[in-house]
Amino acid sequence: MRHPAPPASAAGSLSTPRAAALAGIVFAVLLAAAIALVRIALPDGASGADVTIAPGRRGALATALELVPFAGIAFLWFMGALRENAGDAEDRFITTVFLGSGLIFVGALFAAVAAAGTVLDSDQSSQFGRHFAYTLLTTYAMRMAAVFVFATSTIGRKLGVLPLPVALFGYAVGLVLLVAGSSFPWSEMVFPAWALIVSLCILSGRSGRSGRSGRSGASGASEAPAASG
């Protein structure tokens, strides 16, 4: 008599979303650190066409540019964790918006870093280049992040993956990112805060389901000898 042996693959399917949720936490920490360093290096933001780096803060801005690519890589794993929790019941329309906004956000993030790195390395960088990089990061990338948050909250609420308070918080975060943009300093920090909360929800949900499946498996194993006896 042959016995099915899927435990290894089942363990792999459970560990992948957990590792991706951890990547979401890494993304939240890295993006929050990068935003903080950018805001410290550019305390006045973009006033007209002028983006001025604070004296002695050039190194902070360079560190922020080094962190952003790693944050973008972790964000891709974070998207994988969200799709894994949605499963086969995901809505194609919302999923298309989810994937499109997430990929455009990463693309805008990398383009902003590339532009900022170019003008930072130049001794005679133009104000246009600085303003372009700053606007691309704080305005366009964050508005794509708002669409991503809206789509994720909608998917999570429809499928019951995210609790109602987390979904409502996501809608509020999306509104802040969509309306505020770069007008309100430090408003971008709500996006990594939201990503951190959602990642913790994924981790807690996975651990809860693993605990319930472990208890059900143990009870089934204890009932089997009694039935055979």
Side-chain angles (χ1 to χ4, degrees), residues 19-82 101-149 173-174 176-178 180-200 203:
L22 291 175
I25 297 176
V26 173
F27 158 74
V29 173
L30 291 178
L31 185 63
I35 291 174
L37 290 173
V38 168
R39 284 298 181 183
I40 291 173
L42 306 173
D44 297 331
S47 55
D50 186 19
V51 180
T52 305
I53 302 175
R57 298 296 184 179
R58 199 178 185 89
L61 187 58
T63 303
L65 298 183
E66 293 292 334
L67 292 178
V68 168
F70 295 100
I73 295 171
F75 181 77
L76 295 177
W77 285 95
F78 178 57
M79 290 177 62
L82 298 178
S101 59
L103 293 176
I104 293 176
F105 166 74
V106 174
L109 205 63
F110 285 0
V113 170
T118 300
V119 299
L120 190 64
D121 293 338
S122 176
D123 294 333
Q124 297 178 346
S125 57
S126 64
Q127 290 296 335
F128 170 77
R130 293 182 183 179
H131 188 270
F132 172 77
Y134 181 86
T135 303
L136 189 61
L137 177 63
T138 60
T139 301
Y140 294 99
M142 288 303 152
R143 278 178 169 79
M144 284 297 101
V147 178
F148 178 82
V149 172
V173 168
V176 170
L177 293 173
L178 193 63
S182 59
S183 303
F184 297 93
W186 300 94
S187 61
E188 307 93 349
M189 295 293 285
V190 297
F191 183 48
W194 170 84
L196 179 62
I197 292 174
V198 171
S199 298
L200 293 177
L203 285 177

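Bear in mind the structure is a predicted one, so any value in this text is a computation, not a measurement.
Distance check: Leu22 CG to Ser199 OG gives 8.5 Å after rounding to the nearest 0.5 Å. A distance of 13.0 Å separates CG of Leu109 from CE of Met144, quoted to the nearest 0.5 Å.
The two residues Met142 and Ile35 make their nearest non-hydrogen contact at CE-CD1, 4.1 Å. Pairing each heavy atom of Val149 with each of Gly174, the nearest pair is CG1-N, 4.0 Å. Across Ala34 and Val68, no two heavy atoms sit closer than the pair CB-CG2, 3.8 Å. The shortest heavy-atom contact between Leu136 and Ala112 is CD2-N, 3.4 Å. Across all non-hydrogen atoms, the minimal contact from Ala74 to Ala23 is CB-O, 3.4 Å. Ala36 approaches Trp186 most closely through the heavy-atom pair CA-CZ3, 3.5 Å.
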Please assess Leu103 against Val106 for the test side chain to side chain contact (heavy atoms under 4.5 Å, CB included), listing each intermediate value before the final yes or no.
CA-CA 5 Å; Leu103 293 176; Val106 174; 5.7 Å; no
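The shortest side-chain heavy-atom distance between Phe105 and Val147 does not fall under the 4.5 Å cut-off.
Between Trp194 and Phe191, the ring planes lie parallel to each other; the angle is under 30°, not in the 30° to 60° tilted range.
The side chain to side chain contact (heavy atoms under 4.5 Å, CB included) search around Leu30 returns Val26, Leu67, Phe70, Ala71, not counting sequence neighbours.
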